[in-house]
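Source: prediction; values computed, not measured. Every chain is numbered from 1 and lettered A, B, ... according to where its sequence line falls, protein lines coming before strand lines.
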Protein chains: 2
Amino acid sequence: METRELRYFVAVAEELNFGRAADRLGIAQPPLSRAIAQLEHRLGVALLTRTSRKVSLTGAGEVLLAEGRAILGAVAAAERRTRAAAEDQPSLVVAAKAGSSGEVLAKLLDAYANEPGAVPVDLLLCESNPHLPLLDGRADVALLHEPYDPTAGLDVEVLGAEGQVAVVPSAHPLAGRSQLRMADVSALPDLARWPRRDGTYPDGSGVEVRNLTQLFQLIELGRAVVVLPEVVRNGLAEGLVAIPVVDAPQVTTVIAWPPHSRSRAVADLVRVATGFS
Amino acid sequence: METRELRYFVAVAEELNFGRAADRLGIAQPPLSRAIAQLEHRLGVALLTRTSRKVSLTGAGEVLLAEGRAILGAVAAAERRTRAAAEDQPSLVVAAKAGSSGEVLAKLLDAYANEPGAVPVDLLLCESNPHLPLLDGRADVALLHEPYDPTAGLDVEVLGAEGQVAVVPSAHPLAGRSQLRMADVSALPDLARWPRRDGTYPDGSGVEVRNLTQLFQLIELGRAVVVLPEVVRNGLAEGLVAIPVVDAPQVTTVIAWPPHSRSRAVADLVRVATGFS
DNA sequence: CGCAGCGATACCCGGCCGGTATGGATACCG
DNA sequence: CGGTATCCATACCGGCCGGGTATCGCTGCG
């Protein structure tokens with residue numbers, strides 16, 4: 001199986017339309033049809049069911065889509081990391097979610113900078129999932145939050161844990177309570193559309209939740225409700241209050257890096273991180 | 001970067017000889033030279049240093065070798081898993097190290113077999129590292145032992161932990177002791193050659209340690225010394241005794257599976273395993 | 001100095017990838 | 001119910017690239 005075939009299949013599987021997929025790939029539709037047919041023939045497996053009006057994935061196709069995405073990410077990562085290894089002066093890219101854990105990140109980078117043999121660090125602040133740049137080689141290390149961020153296929157080390165709080169408007173009936181339970185929160189109406197783990201949004205009405213400041217605005221307007229790690233207290237606006245949710249799962253901050261990482265700099269940074277946590 | 005190029009590069013990087021690599025790949029040497037040169041050109045990076053007498057890897061080459069092996073494994077896994085997903089009756093392959101944790105495995109398989117919706121289970125008993133079949137798709141789940149088996153790039157769930165014991169001949173001076181420390185053990189002579197984590201053996205004299213029964217024979221002959229998890233007591237031969245090593249790291253048995261696994265059967269098995277542990 | 005080993009270069013051929021043109025099936029619409 | 005638009009498959013052609021053979025250039029060794 002060649003990566004070209006995988007790119008083609010992933011494009012078709014995502015578009016579920018040969019014409020658009022060919023467009024996206026910058027080739028004509030017939031060669032694409034043929035390539036997919038060849039791939040299916042070589043695998044001896046039907047990946048798509050075509051009814052001249054609609055294309056859909058078979059079970060095997062769904063498996064190959066997931067595997068193929070991972071492989072294409074790994075290939076992109078391999079290219080980037082190979083090029084990075086050829087640079088005369090190494091550097092380190094750390095990914096973190098924008099607007100969270102600012103001070104733990106600062107402490108970590110300060111501590112690392114004082115290490116002997118420390119390397120210049122670039123920061124990559126992600127609006128969405130900070131684990132993605134790790135998978136395609138754009139970053140060398142990431143700060144993630146279990147269970148929010150997926151850590152599948154990554155090596156991780158736990159840095160710390162914290163409880164979660166519900167954020168509600170100060171004028172809200174629950175605002176006076178000293179603690180809540182998940183049941184209290186999930187009983188409240190939530191009119192916003194939340195991203196899925198892959199970053200896409202469900203269809204329907206409601207605003208798509210994209211970042212914290214926007215989310216807080218929605219909460220003030222009573223159009224969203226959310227349970228978040230305690231640190232959000234720091235950046236909380238005037239009209240909002242945070243109330244501990246006693247039975248919410250603990251959120252653990254972890255430092256993650258790709259498997260097979262042989263980089264001295266990554267090892268140093270992880271050691272520093274786990275040292276003081 | 002195409003997988004063909006990666007296959008070619010990995011072959012050359014492993015053989016460090018274009019002729020032998022071409023032989024292994026079943027092609028002639030000139031196209032191989034050209035393919036590697038093209039790959040280097042496209043990446044804009046030197047992967048190999050050639051001095052018409054010797055080929056060696058650059059730093060970037062070593063990175064690409066590691067990444068490339070992982071990618072080729074992932075591609076092989078993708079093909080196998082895609083084909084497996086097309087089978088009308090699903091099945092589950094469980095990998096475990098031959099000659100270890102027999103009873104935990106038996107308990108696990110029994111418990112799983114009683115699950116509703118259980119699927120036929122095939123066992124894959126590995127002489128060497130049981131994580132390898134996970135990486136290239138030959139197995140769906142593996143029982144591993146931290147820190148002996150590498151778990152990089154796998155999802156794991158801890159099943160249990162145990163201490164470690166030193167195995168020595170009954171006639172050995174230490175045989176009467178009730179407990180030992182690592183220092184006691186490492187002071188003893190060890191004439192055997194142990195496999196590295198990648199399965200290869202260092203050069204030199206001494207027998208290559210390949211499995212438990214052979215290892216026990218070496219110990220009886222006073223040619224090897226080893227610290228192993230407590231379970232080995234069960235299969236211990238007459239002339240050997242096991243003595244707890246109090247400061248050895250705990251060995252944890254983990255159940256591991258590839259990331260992105262969407263299989264119902266894998267999820268069921270993991271749930272059963274963590275349920276009773 | 002001659003030879004052997006090894007990678008690079010030169011050159012040719014065939015297969016495959018990609019393009020255009022077109023066919024066949026199906027849903028939608030007047 | 002016929003026309004049409006949409007969409008995937010097939011047919012066919014041309015150019016590129018991957019692979020083969022022959023050979024050269026370099027280097028360490030006897």
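Put simply, CD on A:E15 is 14 Å from C1' on D:dC7, counting in whole angstrom units. The distance from atom CD of A:E5 to atom C1' of C:dC16 is 12 Å, rounded to the nearest whole Å. Atom OH in A:Y8 sits about 12 Å away from atom C1' in C:dC16, given to the nearest Å. Summarising the geometry, the separation between CZ on A:R7 and C1' on C:dC17 is reported as 13 Å, rounded to the nearest angstrom. The nearest whole Å value for the distance from the NZ atom in B:K54 to the P atom in D:dC29 is 11 Å. Residue B:H41 contributes atom NE2, which lies 15 Å from atom P of C:dA8 at whole-angstrom precision. What separates CD of B:E2 from P of D:dG18 is a distance of 9 Å, to the nearest Å. For the pair B:L48 CG and C:dC6 C1', the computed distance is 14 Å after rounding to whole Å.
Phosphate proximity of D:dA9 to A:S33: present, with a side-chain N or O under 4.0 Å from OP1 or OP2.
A:L144 and A:A256 get closest at one heavy-atom pair: CD1-CB, 3.7 Å. Scanning both residues, A:L32 and A:A22, for their nearest heavy atoms gives CD2-N, 3.4 Å. A:P189 and A:V225 get closest at one heavy-atom pair: O-CG2, 3.4 Å. Contact record, A:A152 with B:D155: CA-OD1, 3.4 Å, taken as the closest heavy-atom pair.
Checked against C:dG18, D:dC8, D:dA22, the side chain of A:N17 finds its nearest nucleotide in D:dC8. Among D:dT21, D:dC8, C:dG18, the nucleotide with an atom closest to any side-chain atom of A:F18 is D:dC8. Ranking D:dT21, C:dG19, D:dT10 by closeness to the B:A28 side chain, first place goes to D:dT21. Considering only the side chain of A:R50, D:dA9 comes nearest among C:dG18, C:dT9, D:dA9.
Atom CG of residue A:D23 and atom CD of residue A:E15 lie 9.0 Å apart, to the nearest 0.5 angstrom.
Among the heavy atoms of the strands lying under 4.0 Å from B:Q38 are primed sugar atoms or P, OP1, OP2 only; no base atom is included. A:R4 comes within contact range of the sugar-phosphate backbone alone, with a heavy-atom separation under 4.0 Å but no base atom that close.
Looking at which nucleotide of DNA chain C each of B:P31 and B:R20 is closest to, the 5′-most match is held by B:R20. Nearest-nucleotide positions on DNA chain D place B:R34 closer to the 5' end than the other of B:R34 and B:Q29.
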